[in-house]
There are 2 protein chains.
Amino acid sequence: MKRAGPSTGGRRRSYGTAADRALNLWVALARCASSVSRVSARDIHRYGLTQAQFAVLEVLYHKGPLPLCTIGAKLLVTSGNITYVADQLEGSGFLRRERSAEDRRVVLAKLTSQGEALLDKHFPSHAARMAEAARALSPREQEALARLLKKWGKATRKDQ
Amino acid sequence: MKRAGPSTGGRRRSYGTAADRALNLWVALARCASSVSRVSARDIHRYGLTQAQFAVLEVLYHKGPLPLCTIGAKLLVTSGNITYVADQLEGSGFLRRERSAEDRRVVLAKLTSQGEALLDKHFPSHAARMAEAARALSPREQEALARLLKKWGKATRKDQ
DNA sequence: AGCGAACATCTTGAGCTTGAAATGAAACGC
DNA sequence: GCGTTTCATTTCAAGCTCAAGATGTTCGCT
């Protein structure tokens with residue numbers, strides 16, 4: 001780490017101000033997301049879960065039973081991935097599948113009492129950990145940041 | 001998709017305003033990063049590269065030859081991953097390794113002329129694609145967003 | 001009713017990323 | 001000088017994610 005010589009000649013290329021601004025923004029987004037993700041993941045690993053597993057449990061904890069495809073849409077992951085994670089969580093006894101009566105294509109995921117207990121126990125401390133990580137920004141800054149992220153994210157999903 | 005019943009009873013739990021704000025922010029960050037990453041990845045795949053490969057080439061393209069560990073630090077990925085990606089790029093002839101004379105632990109990665117040509121050809125259009133994706137935000141908003149992301153990212157990396 | 005399009009889930013195979021341990025090299029302290 | 005610590009890279013195994021295709025279900029149209 002920290003081996004970039006001072007005069008190692010980074011050719012500064014420019015692609016127009018709009019492109020340079022966008023590239024700078026994208027790098028900032030990717031690096032920030034990676035860093036915060038690491039904080040989150042480290043915390044979650046202490047509960048014996050992966051980030052993906054925790055994310056699925058968390059959605060069910062706060063929204064109630066949901067079809068697998070809805071979970072996938074919320075988490076922006078593929079159907080195959082949700083199947084994989086749901087298998088794990090079902091195997092661990094935190095979740096159970098239930099085929100929907102109205103639409104038999106659909107499988108609903110429900111937290112078991114064990115899954116609910118797990119989140120009762122660990123979610124508050126996880127929330128506290130994330131709040132601590134966010135303290136680097138003022139409440140005002142956090143709100144501004146969240147607003148811009150949502151705006152960009154939504155637009156990006158819309159036009160493909 | 002879009003199967004959440006209207007009264008499926010999402011229990012609204014609160015963990016204090018600071019925690020709720022932080023969780024909301026973290027969800028927005030993760031979703032936005034995922035969406036933008038998808039746009040970037042789709043574009044890069046058309047050049048026959050993965051995002052990780054493109055990221056390594058891009059760093060070398062703009063900064064000149066660098067030790068593998070420096071690349072890893074910039075991209076926030078592990079050393080093993082950089083070795084893996086460098087192997088691929090070396091196999092494809094876009095990059096070559098060169099052991100440093102001053103510090104023989106270090107391996108410098110350099111773009112080959114073929115690698116340089118690849119980026120000469122494709123980087124500008126990739127930059128344009130990312131600029132287009134960023135157009136959902138005004139230049140002022142993009143700058144504000146980048147500033148906040150950098151501030152949060154840096155702080156998050158600092159205190160672990 | 002019947003057919004084709006769209007959908008939800010699952011399966012499979014391939015690729016990406018990580019963490020931990022191994023190797024070789026430099027730096028530090030005494 | 002010599003041993004300890006730190007560092008850069010590599011290797012390896014395990015796990016995560018995706019894309020593409022298969023299966024079973026529903027919807028829309030005629």
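For the numbers below, each heavy atom of this structure counts, side chains included, while hydrogens, waters and symmetry mates do not. Below, read A as the first sequence line, B as the second, and so on, with proteins coming before strands; counting in each chain starts at 1.
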Given atom CZ of R99(A) and atom P of dT9(C), what is their separation to the nearest angstrom? 8 Å
Give me each pair satisfying salt bridge (Lys or Arg N to Asp or Glu O under 4.0 Å) with a member in residues 27-37 of chain B, each pair once, sequence neighbours excluded. none
Sequence-distant partners of R38(A), salt bridge (charged side-chain N to carboxylate O under 4.0 Å, His left out), two or more places apart: none
Would you kindly give the CZ-to-C1' distance between F54(A) and dG15(D), to the nearest whole Å? 19 Å
Whole angstroms only, please: what is the CD-C1' distance between E102(B) and dA8(D)? 14 Å
Of the nucleotides dT9(C), dA8(D), dT11(D), which has the atom closest to the L68(A) side chain? dT9(C)
So, using side-chain contact (heavy atoms from CB on, under 4.5 Å) as the criterion, who are the partners of S113(B) when residues are at least two apart? none
Whole-Å distance between dT9(C) P and D103(A) CG? 9 Å
Five-pair end axes of the helix from dA1(C)-dT30(D) to dC30(C)-dG1(D), angle between them (10°): 40°
If the threshold is 4.0 Å, N to carboxylate O, is there a salt bridge linking K74(A) and E58(A)? no
Could you list, one pair per line, each protein nitrogen or oxygen that sits under 3.5 Å from a nitrogen or oxygen of nucleotides 2-4 of chain D, together with the distance?
none

Checking E143(B) now: which residues fulfil side-chain contact (heavy atoms from CB on, under 4.5 Å) with it, not counting sequence neighbours? R21(A)
From NE2 of H45(A) across to P of dG15(D) the rounded distance in Å is 11 Å
Does a side-chain N or O from R97(B) land closer than 4.0 Å to OP1 or OP2 of dT10(D), or not? yes
According to side chain to side chain donor-acceptor pair (under 3.5 Å), who are the partners of S37(A), at least two apart in sequence or on a separate chain? Q51(A)
How many Å lie between CD1 on I44(A) and P on dG15(D), as a whole number? 18 Å
Among dA8(D), dT11(D), dA8(C), which is the nearest nucleotide to the side chain of C69(A)? dA8(C)
Of all pairs that satisfy salt bridge (Lys or Arg N to Asp or Glu O under 4.0 Å), the ones with a partner from residues 77-86 of chain A, not counting sequence neighbours: none
Atom-pair distance (CG on L108(B); P on dT10(D)), nearest Å: 12 Å
Holding to ring-ring contact (aromatic ring centres under 6.0 Å, His included), I want the full list of residues that pass it with Y84(A), two or more places apart in sequence or in another chain. none
Rounded to whole angstrom units, what separation is found between the CZ atom of R105(B) and the P atom of dA26(C)? 7 Å
Set of side-chain contact (heavy atoms from CB on, under 4.5 Å) partners for A55(A), sequence neighbours left out: L75(A)
Can you list the residues that meet the ring-ring contact (aromatic ring centres under 6.0 Å, His included) rule with Y61(B), with sequence neighbours excluded? none
So if I define the base as every atom that isn't primed, P, OP1 or OP2, how would nucleotides 15-22 of chain C read as a B/S/- string at a heavy-atom cutoff under 4.0 Å? SBBBS---
Are F54(A) and H122(A) close enough that their ring centres sit under 6.0 Å apart? no
